Amino acid sequence: MRVLVTGAAGFIGSNIVKYLESKSIDTVLFDNFSHSNYYNILDANGEVICGDVTDKNFYQSIPEVDAVIHEAAITDTTLADDAKMVEVNYNGFLNVFNFCIKKNIPLVYASSAGVYGKADKKMSEQEKTIPHNTYAYSKYLCDCWSRKYVKVNKTPPIIGLRYFNVYGPQEVHKNKSASMIYQLYKQMSRGKRPRIFKFGEQKRDFIYVKDVARITAEAINSKKSVISNVGTGRSRSFNDIIAILNKLLKKEYKPDYIDNPYQKVYQDYTEADTTILNQFLGTKAEYSLEDGVRDYLENYLCYDQ
Ligand SMILES: NC(=O)c1ccc[n+]([C@@H]2O[C@H](COP(=O)([O-])OP(=O)(O)OC[C@H]3O[C@@H](n4cnc5c(N)ncnc54)[C@H](O)[C@@H]3O)[C@@H](O)[C@H]2O)c1
């Protein structure tokens with residue numbers, strides 16, 4: 001079996017490639033290297049193709065593959081260029097989507113919990129979504145398109161995965177868009193008090209990238225189309241992260257609380273309803289926040305001083 005991974009040199013894409021290759025699945029790595037780190041794929045065995053998913057003829061460079069995992073996107077949610085965001089994230093998605101339809105091969109693509117906007121209860125796939133920024137809107141468009149298309153056409157399985165807050169190795173190139181776990185670790189490991197928005201009780205469903213990579217890779221075996229959340233189902237506060245990091249680093253830093261300038265559009269709370277993930281895709285996250293952060297620190301971040 002050979003799987004095309006777009007966005008393969010990015011954070012999640014490169015972890016997916018690693019997971020697939022560990023299961024002896026051949027890979028083709030596609031990326032335009034606009035927001036990536038080639039170090040992430042130094043050990044990969046698959047063919048590397050430098051190309052752009054917005055190029056309508058991108059498929060001409062692709063060898064025969066049996067499935068596609070589409071991760072390529074602009075992931076900096078603060079990018080002010082709306083046209084570019086929608087072009088890459090939605091038009092790029094449509095190109096990949098049409099490629100899979102034409103070849104009759106399964107597509108697993110990265111959507112986002114961002115589509116839900118602000119919420120005060122668990123986020124469920126059946127509920128109305130109100131994206132609060134153009135990034136989230138671009139993912140919303142992908143979900144709307146695939147839902148409508150599979151309803152009226154016979155298609156190969158199309159699996160949309162709404163990732164929640166992913167953290168873990170190979171995210172360093174994301175800078176300010178990297179996870180809260182990485183940002184807080186960076187401050188605390190350099191002797192600084194961790195800075196968070198007042199008063200640290202914002203809650204997110206943090207999921208370790210090793211779970212995300214496994215769940216995404218396994219989703220290519222789904223027989224039916226679906227849109228599923230990918231989260232742990234348990235939301236944790238920023239104060240919790242600081243407590244976990246303090247324990248692992250043997251420190252006692254008190255948070256430095258600052259005002260949140262993005263309050264209007266800020267997701268104070270994300271938590272995945274995991275019913276579809278558990279029952280339809282038959283899987284779940286295995287790492288608790290404590291286990292994931294420990295693995296991340298002990299096996300990866302300790303080398304990033
Ligand atoms: N990291 C998270 O917490 C999170 C949460 C929800 C959804 N997602 C989604 O998961 C996917 C992967 O995100 P990530 O965190 O690994 O981000 P990332 O920025 O590390 O990876 C994106 C990759 O896509 C590539 N890329 C960008 N534009 C391209 C184009 N036009 N053609 C080809 N390649 C292009 C970049 O070079 C990069 O390697 C994205 O679709 C993102 O929207 C991520």
Side-chain angles (χ1 to χ4, degrees), residues 4-18 28-41 44 48-59 61-62 68-79 81 84-96 99 107-116 123 131 133-143 160-183 204-209 211-213 215-216 219 227-232 267 270 272 292:
L4 170 69
V5 181
T6 72
F11 167 37
I12 300 174
S14 60
N15 277 282
I16 292 169
V17 168
K18 196 167 266 182
V28 177
L29 292 77
F30 188 93
D31 206 299
N32 70 355
F33 294 89
S34 59
H35 191 70
S36 59
N37 186 349
Y38 68 85
Y39 268 99
N40 288 349
I41 52 170
V48 175
I49 299 174
C50 179
D52 199 303
V53 288
T54 61
D55 177 357
K56 271 211 152 34
N57 297 321
F58 88 96
Y59 60 87
S61 62
I62 309 292
V68 176
I69 295 177
H70 177 52
E71 299 289 320
I74 293 179
T75 60
D76 177 357
T77 56
T78 62
L79 179 82
D81 188 343
K84 183 88 188 152
M85 182 75 88
V86 177
E87 188 201 354
V88 172
N89 293 6
Y90 182 49
N91 290 358
F93 160 81
L94 288 177
N95 282 343
V96 176
F99 171 74
L107 166 65
V108 179
Y109 71 90
S111 180
S112 167
V115 299
Y116 292 112
M123 293 150 157
N133 57 40
T134 312
Y135 165 79
Y137 176 66
S138 69
K139 295 290 178 178
Y140 163 89
L141 286 175
C142 302
D143 287 356
L161 298 178
R162 290 182 177 165
Y163 298 151
F164 277 62
N165 295 88
V166 190
Y167 66 95
Q170 300 174 188
E171 65 169 319
V172 177
H173 66 281
K174 295 191 67 165
N175 299 318
K176 64 180 175 25
S177 304
S179 70
M180 276 305 285
I181 285 105
Y182 179 68
Q183 309 291 355
R204 297 279 170 87
D205 189 331
F206 296 104
I207 179 162
Y208 196 38
V209 73
D211 275 328
V212 172
I215 290 168
T216 306
I227 289 178
S228 173
N229 288 337
V230 176
T232 62
Q267 283 182 303
T270 69

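Bear in mind the structure is a predicted one, so any value in this text is a computation, not a measurement. Hydrogens, waters and symmetry mates are skipped; everything else that's a heavy atom, side chains included, is used. Along the sequence shown, residues are numbered consecutively beginning with 1. Order of listing sets the numbers, starting from 1, for every ligand and every atom in it.
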Check this for me - ligand 1, [X], N or O atoms closer than 3.5 angstrom, yes or no?
X      : result
Gly10  : yes
Lys139 : yes
Tyr163 : no
Ile12  : yes
Asn165 : no
Ile74  : no
Lys174 : yes

Is the side chain of [X] donor-acceptor paired with the backbone N or O of [Y] at a distance under 3.5 Å, no angle test?
X      : Y      : answer
Asn40  : Ala9   : yes
Thr77  : Tyr135 : no
Asn133 : Thr78  : no
Asn89  : Ile74  : yes

Between Thr270 and Asn165, do the side chains contain an N or O donor and an N or O acceptor separated by less than 3.5 Å?
-> yes
Answer with yes or no whether the side chains of Gln170 and Lys18 bring together a donor and an acceptor at under 3.5 Å.
-> yes
Quick check on [X]: does its [atom1] atom have over 12 non-hydrogen neighbours (other residues, nucleotides or ligands) under 6.0 Å away?
X      : atom1 : value
Phe58  : CZ    : yes
Tyr140 : OH    : no
Phe33  : CZ    : yes

Check ligand 1 against [X] and write out every atom of the ligand that is under 4.0 Å from a heavy-atom position of the residue.
X      : value
Val88  : 28 (N), 31 (N)
Gly51  : 32 (N), 33 (C)
Ala110 : 9 (C), 10 (O), 11 (C), 41 (O)
Glu71  : 10 (O), 11 (C), 12 (C), 40 (C), 41 (O)

Option nearest atom 20 (O) of ligand 1 (shortest heavy-atom distance, choices His35, Arg204, His173) = His173
To atom 18 (P) of ligand 1, the nearest of Thr75, Asn40, Thr54 on a heavy-atom basis is Thr75
Identified side-chain contact (heavy atoms from CB on, under 4.5 Å) counterpart of Phe30 within the set Ile62, Ile69, Val5 = Ile62
Let me know which of Ile12, Thr216, Ile16 forms a side-chain contact (heavy atoms from CB on, under 4.5 Å) with Val209.
-> Ile12
So which heavy atom in the protein is nearest [atom], and how far is it from that ligand atom?
atom                    : answer
atom 37 (O) of ligand 1 : Asp31 OD1, 2.7 Å
atom 3 (O) of ligand 1  : Val166 N, 3.1 Å
atom 7 (C) of ligand 1  : Ser111 O, 3.2 Å
atom 22 (C) of ligand 1 : Ala73 O, 3.7 Å
atom 23 (C) of ligand 1 : Gly7 CA, 3.7 Å
atom 32 (N) of ligand 1 : Val53 N, 3.1 Å
atom 34 (N) of ligand 1 : Asn32 N, 3.2 Å

So, is the end of the Arg204 side chain (NZ or CZ) under 6.0 Å from the ring centre of Phe164 and within 45° of the ring's axis?
-> no
Can a non-hydrogen atom of [X] be found less than 4.0 Å from any atom of ligand 1?
X      : value
Ala9   : yes
Tyr135 : yes
His70  : no
Asp52  : yes
Phe164 : yes

Are any of the side-chain nitrogens in Asp143 or Arg162 under 4.0 Å away from the carboxylate oxygens of its partner?
-> yes
Which of parallel (below 30°), tilted (30 to 60°) and perpendicular (above 60°) describes Phe93 and His70?
-> tilted
On the 0 to 90° scale, with breaks at 30° and 60°, tag the Phe206-Tyr167 ring pair as parallel, tilted or perpendicular.
-> perpendicular
